[in-house]
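Chain letters run A, B, ... following the sequence lines, proteins first, then strands; residues in each count from 1.
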Amino acid sequence: MPQLSLFDAVGNPKPKKRLFLLGCAYDGQKGKAYLKLLDTKTGEVILWYDNTDHKPYCFTNIPLERLENNEALKQAGAVAFEHVEKYDAISDGKITMTKIIASDPLAVGGSKKSIREQIDCWEADIPYHLNYLFDNQLIPSLIYAADENGTLTPELADDNVVDEILKRFFKTVSEQEAEELRKWLKILEAEQPRIEFIALDIEIIGESATRVPSPSHPEDRVAAISLASSDGLNLVLLLGKAQQGVENPTEFKIEYFDNEQAMLRRCFEIIEKYPIIVTFNGDDFDLPYLKNRGEKLGIEREKIPIMLGREGATLRTGIHLDLYRFFMNKSIQIYAFDNRYREHTLEGVATALLGVGKVPLTKTLAELTPLELAEYSYRDAKLLHDLITMNDRLVLRLIAVIARIGRTPMEDVCRHGVSGWIKNLLYWEHRRMNWIIPRKEDLLQVKGQVSTKAVIDGKKYRGAIVVEPIPGIHFGVIVLDFASLYPSVLKEANLSYETVRCPHEECKDNLIPETDHWVCRKKRGIQSLIIGSLRDIRVSWYKVKAGDKSLDAEQRSWYGVVQRALKVFLNASYGVFGFEEFPLYCPPVAEGVAAVGRYVFKQAIEKAKALGIQVIYGDTDSIFLKTDKPELIEEVVKWAKSTFNLDLEFDKTYVYVVFSRRKKNYLGVTDKGVVDVKGLTGKKRNIPVFIKEAFDDVLRQLSEVKSEEDLERVKANIRNSISTWYRRLKNRELDIEQLAFRVMLSKTPERYEKTTPPHVKAARKLQQNNIKVVAGDIISYVKTKDKDGVAPVQFARLENIDVDKYIEYMRSTFEQILDPLEIEFDSIIGVSSLESFL
DNA sequence: ACCTCTGGCTGGATAT
DNA sequence: ATATCCAGCCAG
């Protein structure tokens, strides 16, 4: 690769061109590679493209001769082409280059297969040339310095800074671990540019109100295009004429068009200027619709900046982030946003995260006045804009940091799930180390078996232990938990797909408890090293800094973002090995992690008991302890560190905690006054609002209990609360909405074949009344006295409500906390029904 | 096309 | 009537 030339002819330093890599892709079947780069100074987006005849060309603003000088790209194309040629020529049964290529789906698209007898990829010392694609340096979403030849050098965090962090925050690490930690810190601490973006949303108005607009056959006109950008553009492009005598909105501007083609042209001109386009479901709807509609209306192809791919839509220059797909991602929903939203609609996500929803409509789009349509449409773009900018651009920074950790382009971070990110991360490491990437079927053949039986029918292997709780109310309970237990186990037990059931005879006695799997003693496992390092970085650096009050809010929030992103990876790092579709699917790894986890967990409980501590409850990695001697707790913690090198940490103290006989069901009040409710029906989000409110009333009472003496007084108040709500129900002094169960349809109603749960019944009634229902919708229904026993809330009347069913539901909800407190539900409602006679 | 895992509780539908 | 399965939601 040519060296960077930083000085001009007279010796003055030349300004480096700083490029932000938005994305890169390599198409193995066609042998094409391309990069999308953003000039961080000018904001200009550049596309580099390479094809197999080794004559790179570009169709944006880089001169051809500059690209022809790009050695990395030329080499990549040449190497790939050569491999494909070789692959087709060789067909014997030995381990040859053919098989190496065949083992990587990126190289040949997985079209032909050869059989290899045995997997010994971790021993193989065969170079894998595709490593050199992009000189093995390009991580999507990093900043690069580019010289005039187009040679890219990553701008990582400063070595001195990284060494300082290592020295101060990571005490006892091996040289290998230090190297790994250094590598991560250089990436994670590297600068992030503040990129401009534009949010886009379109409205279609059809000839008939019932027809669903089709992006592939865009018959209906685009009536409005709303845009909201990071640099202050707030605009609605509207088909039609301005109404006379109507005041213009202040929040945004309207441009009127009498020609749809002209409107689309204007839209394309605008969005082409932005490096990031944000949509909600733009992969499947907005962008394909705009492109196809544009072509249908006769706009020249080169004037339409949208490209449609197999997986979604993107921009010729610039990248497209589909927030629908991002927010739908379960890991993001749970770990990044604490499960704060439930529905995967713009309305659901925005209401939960921003507190603002879509503009409510009482008529169809076609019936709206131009101004109303503009306002409706603009709100959607505005919501998208706000979702991106909230909490100091949390969403954008999260996407970028996941891209860096997972070596996944930002667009793909939105499109793929966590298994895709981890796949990319592991593949990257394989290439870097010149390892063969095993084919799935080969790996499965050698390491497919499991040796434990799951507790639950239909599961593949045994998981965690849940300790039978001691029922009743317990005061002064201390909770300890193992910090990131499973990632720590991966690290400490050297678990990885290549180290579990390794080929060495000498290792076969290194058994994992309760299984017949053994673990390699000779080599450090790749997953163990990577996840171990990420865990250490999260715990020792980012979590510490995120909670460091001496830093300003903005900095803390940045550490918080990285910390969250790491958490997503760590939490999935074990599960992916038990996921059939994961390309490195290896059940013994998942099974081994769970088995070691169980072993450690059991030992900890035994240790506590041996010290005379009472064990109230425990689940997977947490134990609830009660003792008069706090120093014993400290002893358990020290024991865990010295025996297993695991961090068993103090989590919290409960002033009191209430258990029924049920596992994963309890209520506790911490010494900080926080009420923890776990698993109880009263906490679930599908239950009627009135029960939730009644439950919250009771919780408020319980949070005041500080001692055993308080309890009796509070018990009386609890009885009052419940009986008040009971009376309201009995007298039907509630809104129908408050009585609604809200349950999600996991598939379209027709596809429920084996059973018809209540919410599906209700959904079918909606369909009969021509209300569209799709998978993912949350159905609100109430229990009624008519034949089916349920009715969608829209059609229900208060007189028809089956009050007895609701009383039963109240009973089962409250008994979960009343039983251990020795309060009889029946005695409460008995009293109140007597009162209601008086 | 996409989808990390197992354990545990609930109500209700369905089978016996 | 009772057991079993299905589906949804939650804990970790």
(message) For Glu737(A), is the CD atom crowded, meaning more than 12 foreign heavy atoms sit under 6.0 Å from it?
(response) no

(request) Answer yes or no on whether Arg535(A) is positioned over the face of Trp184(A), meaning its NZ or CZ is under 6.0 Å from the six-membered ring centre and within 45° of the axis. (result) no

(message) It should be established whether Ser573(A) places a side-chain nitrogen or oxygen under 4.0 Å from OP1 or OP2 of nucleotide dC5(B).
(response) no

(request) Grab the CZ-P distance between Phe579(A) and dT4(B) for me, whole Å please. (result) 5 Å

(message) Check this one for me: any side-chain N or O of Arg662(A) less than 4.0 Å away from OP1 or OP2 of dT10(B)?
(response) yes

(message) Using whole Å, what does the distance between atom P of nucleotide dG11(B) and atom CG of Leu680(A) come to?
(response) 13 Å

(request) In whole angstrom, give the distance that lies between atom CG of Leu648(A) and atom P of dG12(C). (result) 15 Å

(message) Does a side-chain N or O of Arg342(A) approach OP1 or OP2 of dC9(C) to a distance below 4.0 Å, or not?
(response) yes

(request) Please measure how far the P atom in dG12(C) lies from the corresponding atom in dC3(B), and state the result in whole Å. (result) 27 Å

(request) Examine dT10(B): is either OP1 or OP2 under 4.0 Å from a nitrogen or oxygen in the side chain of Gln816(A)? Give yes or no. (result) yes

(message) Side-chain N or O of Lys761(A) versus OP1/OP2 of dA13(B): is the shortest distance under 4.0 Å?
(response) yes

(request) Mind running side chain to side chain donor-acceptor pair (under 3.5 Å) on Ser746(A) and Tyr752(A) for me, showing each step along the way? (result) CA-CA 9 Å; Ser746(A) 64; Tyr752(A) 288 81; 3.3 Å; yes

(message) Side-chain N or O of Thr755(A) versus OP1/OP2 of dT14(B): is the shortest distance under 4.0 Å?
(response) no

(request) Compute the ring centroids of Tyr809(A) and Phe741(A), then answer whether they are less than 6.0 Å apart. (result) yes

(message) For dC10(C) and Arg685(A) - does any side-chain N or O of the residue sit under 4.0 Å from the phosphate oxygens OP1/OP2?
(response) yes

(message) Output the rounded distance in Å from CG (Asn339(A)) to P (dA11(C)).
(response) 9 Å

(request) Output yes when Asp619(A) and Lys664(A) qualify as a salt bridge under the 4.0 Å nitrogen-oxygen rule, no when they do not. (result) yes

(message) Quick check on dG11(B): is either OP1 or OP2 less than 4.0 Å from any side-chain nitrogen or oxygen of Ser812(A)?
(response) yes

(request) Can you tell me the distance, in whole Å, between the NZ atom of Lys684(A) and the P atom of dT10(B)? (result) 8 Å

(request) Please check the phosphate of dT10(B) (OP1 and OP2 only) for any side-chain N or O of Thr681(A) closer than 4.0 Å. (result) no

(request) For dC9(C), take OP1 and OP2 only and decide whether either is under 4.0 Å from a side-chain N or O of Lys664(A). (result) no

(request) Compare the minimum distances between each of dA7(C), dG8(B), dC10(C) and the side chain of His759(A), then state the nucleotide with the smallest one. (result) dA7(C)

(message) Distance check needed: dA11(C) P versus Lys330(A) NZ, whole Å only.
(response) 14 Å

(message) It should be established whether Tyr752(A) places a side-chain nitrogen or oxygen under 4.0 Å from OP1 or OP2 of nucleotide dT14(B).
(response) no

(request) Examine dA11(C): is either OP1 or OP2 under 4.0 Å from a nitrogen or oxygen in the side chain of Lys683(A)? Give yes or no. (result) yes

